[in-house]
Participant: 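Please find one structure pasted underneath; my questions will follow.
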Amino acid sequence: MANEVLVLDAIDAYYGDSHVLHGVTFALGEARLLGLLGRNGAGKSTCMNVAMGVLAPRHGNVRVAGADMTGHPPEAVAAAGVALVPQGRRIFKSLSVRENLLVAARPSQDKSAKAEWNFDRIYQAFPRLHERQHQIAGLLSGGEQQMLAIGRALMANPRVLLMDEPSEGLAPQIVAEVMATIRRLKEEGLSIVLVEQNAKLVFDIADDIVILNSGHVAMAGKAAELRTRSAELHQHLGVY
Ligand SMILES: Nc1ncnc2c1ncn2[C@@H]1O[C@H](COP(=O)(O)OP(=O)(O)O)[C@@H](O)[C@H]1O
Ligand SMILES: [Mg+2]
């Protein structure tokens, strides 16, 4: 694949003695959206932890835009242009909306970037955050907190955005709004890994799909090709 912006190459990862990822390999291409699917406990968040440098793999490599980032700390991975919207959002609930955005702000590394993310652009993209910029973040609705978590990641001006189950716990209409936001970010050229349990959501917007089962890559390929393999999808995802 041309211009791989994030590569997990033959990753083995453990929590203590517990072997969670087994030779996991996938690559995110520039300006593409990769859907990472799998049942609860399949290892999706662990892949995000490895990509972000939160968990060092025991074997294998992590590369960001060609640079070996294996074992580098999260600050270094962030400086290389990767931002994570964590599962469960993890916004700073006692800080205001604006303060949440401010703590993540980082100038763009990529001089060719069309437009830098700053307060004005975030508030334009998420008018509700503008209206509520001085409110304590813990008082926002679930959907607003998710928008804030996305806005906060964008303030770091990443070239790679990792999103871990952004639809989790949100009402269907809010999920649709979040997905529309993700689609817009992709159209603007951001490279995105979208982690989901809900396969239907992901097949609608992903270019590429990776399906994990018990820490192994069970299926991988272009979304258009994988979506036709319904028996296998059912086997690995249960619901499709
Ligand atoms: N901090 C941790 N310590 C020990 N085991 C963990 C930890 N986090 C996750 N696990 C285990 O690792 C496996 C993969 O978890 P995770 O990556 O969170 O899956 P997913 O995000 O696909 O639901 C699960 O069996 C889970 O119980
Ligand atoms: Mg998870």
Side-chain angles (χ1 to χ4, degrees), residues 6-28 33-62 64 69-75 77-78 82-91 142-143 145-150 152-153 158 160-170 174-175 178-179 181-182 192-203 205-206 208-221 223 226 232-240:
L6 173 70
V7 178
L8 268 63
D9 186 6
I11 297 291
D12 277 59
Y14 292 70
Y15 295 109
D17 290 336
S18 170
H19 192 173
V20 172
L21 296 182
H22 304 261
V24 169
T25 296
F26 62 81
L28 172 67
L33 193 150
L34 184 149
L36 182 59
L37 295 168
R39 290 190 176 105
N40 196 19
K44 305 180 298 297
S45 293
T46 303
C47 287
M48 298 301 93
N49 289 341
V50 168
M52 212 53 226
V54 173
L55 179 67
R58 203 171 289 184
H59 299 288
N61 289 286
V62 177
V64 176
M69 298 303 293
T70 317
H72 287 236
E75 308 79 65
V77 177
V82 185
L84 172 67
V85 181
Q87 187 166 15
R89 327 198 217 289
R90 309 251 197 102
I91 55 165
Q145 291 190 14
Q146 187 60 60
M147 294 302 185
L148 178 56
I150 295 170
R152 186 179 58 178
V160 176
L161 186 63
L162 311 175
M163 310 181 91
D164 197 347
E165 301 211 30
S167 75
E168 194 179 25
L170 300 180
I174 311 298
V175 170
V178 170
M179 297 313 278
T181 299
I182 296 170
I192 300 173
V193 176
L194 174 59
V195 170
E196 269 297 335
Q197 279 197 58
N198 185 334
K200 289 203 166 63
L201 285 180
V202 172
F203 271 97
I205 72 171
D208 308 292
I209 300 273
V210 172
I211 297 177
L212 292 179
N213 191 345
S214 305
H216 297 263
V217 174
M219 300 175 74
L226 254 63
E232 278 171 276
L233 290 172
H234 186 79
Q235 179 193 341
H236 298 298
L237 298 175
V239 287
Y240 200 75

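In what follows, every heavy atom counts, from backbone to side chain, and hydrogens, waters and symmetry copies are set aside. First listed ligand is number 1; within each ligand, the first listed atom is number 1.
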Participant: Classify the contact between V20 and ligand 1 as side chain, backbone, both or neither, using a heavy-atom distance cut-off of under 4.0 Å.
Facilitator: side chain
Participant: I need the minimum non-hydrogen distance between L161 and A153, along with the two atoms involved.
Facilitator: CD1-CB, 3.6 Å
Participant: Quick one: does A42 get within less than 4.0 Å of ligand 1, heavy atoms only?
Facilitator: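 Contact present.
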Participant: Does R39 come within less than 4.0 angstrom of ligand 1, counting non-hydrogen atoms of the residue?
Facilitator: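 Yes.
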Participant: How far is atom 24 (C) of ligand 1 from its nearest protein heavy atom, and which residue and atom is that?
Facilitator: G41 O, 3.7 Å
Participant: Using side chain to side chain contact (heavy atoms under 4.5 Å, CB included) as the criterion, point out the one residue from L6, V195, V77 that pairs with L162.
Facilitator: L6
Participant: Hey, is atom 6 (C) of ligand 1 under 4.0 Å from any protein heavy atom?
Facilitator: yes
Participant: Counting distance only, does the side-chain N/O of D12 pair as donor-acceptor with the main-chain N or O of G23 below 3.5 Å?
Facilitator: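 Pair found, side chain donor or acceptor close to backbone of G23.
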Participant: Would you say R89 and Q145 are linked by a side-chain donor-acceptor pair, where the criterion is simply a distance under 3.5 Å?
Facilitator: no
Participant: With only distance considered, is G43 within less than 3.5 Å of ligand 1 through an N or O on each side?
Facilitator: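 Right, the criterion is met.
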Participant: Looking at N40, which atoms of ligand 1 are within less than 4.0 Å of one of its heavy atoms?
Facilitator: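 Answer, ordered by atom number: 23 (O).
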Participant: Looking at ligand 1, does any of its N/O atoms fall within less than 3.5 Å of an N/O of T46?
Facilitator: yes
Participant: Quick check: does any side chain N or O of N213 sit under 3.5 Å from a backbone N or O of H216, one acting as donor and the other as acceptor?
Facilitator: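 No: the side chain of N213 does not pair with the backbone of H216.
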Participant: For the Mg ion (ligand 2), which protein N/O/S atoms fall under 2.8 Å? Skip waters.
Facilitator: S45 OG, Q87 OE1
Participant: Name the residue from V7, D9, L36, I11 that meets the side chain to side chain contact (heavy atoms under 4.5 Å, CB included) definition with F26.
Facilitator: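 Among V7, D9, L36, I11, the one meeting side chain to side chain contact (heavy atoms under 4.5 Å, CB included) with F26 is L36.
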Participant: Quick check against the 3.5 Å criterion: does H236 have a side-chain atom that pairs as donor or acceptor with the backbone of G238?
Facilitator: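 A pair under 3.5 Å: no.
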Participant: Side chain of T25, backbone of A10: donor and acceptor closer than 3.5 Å?
Facilitator: yes
Participant: Do the non-hydrogen side-chain atoms of L21 and Y14 ever get within less than 4.5 Å of each other?
Facilitator: no
Participant: Is any N or O atom of E165, backbone or side chain, closer than 3.5 Å to an N or O atom of ligand 1?
Facilitator: no
Participant: Of all the non-hydrogen atoms in the protein, which one sits nearest to atom 4 (C) of ligand 1, and at what distance?
Facilitator: Y15 CB, 3.4 Å
Participant: Indicate the atoms forming the closest heavy-atom contact of C47 with L212, along with that distance.
Facilitator: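 Where C47 meets L212 most closely, the heavy atoms are SG-CD1, 3.7 Å.
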Participant: Using modelled atom types and a 3.5 Å cut-off, is there a donor and acceptor pairing between side-chain atoms of K44 and backbone atoms of R39?
Facilitator: yes
Participant: Write out the residue and atom name of the closest protein heavy atom to atom 18 (O) of ligand 1, then the distance separating them to 0.1 Å.
Facilitator: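 Minimum-distance protein heavy atom for atom 18 (O) of ligand 1 reads S45 CB, 3.7 Å.
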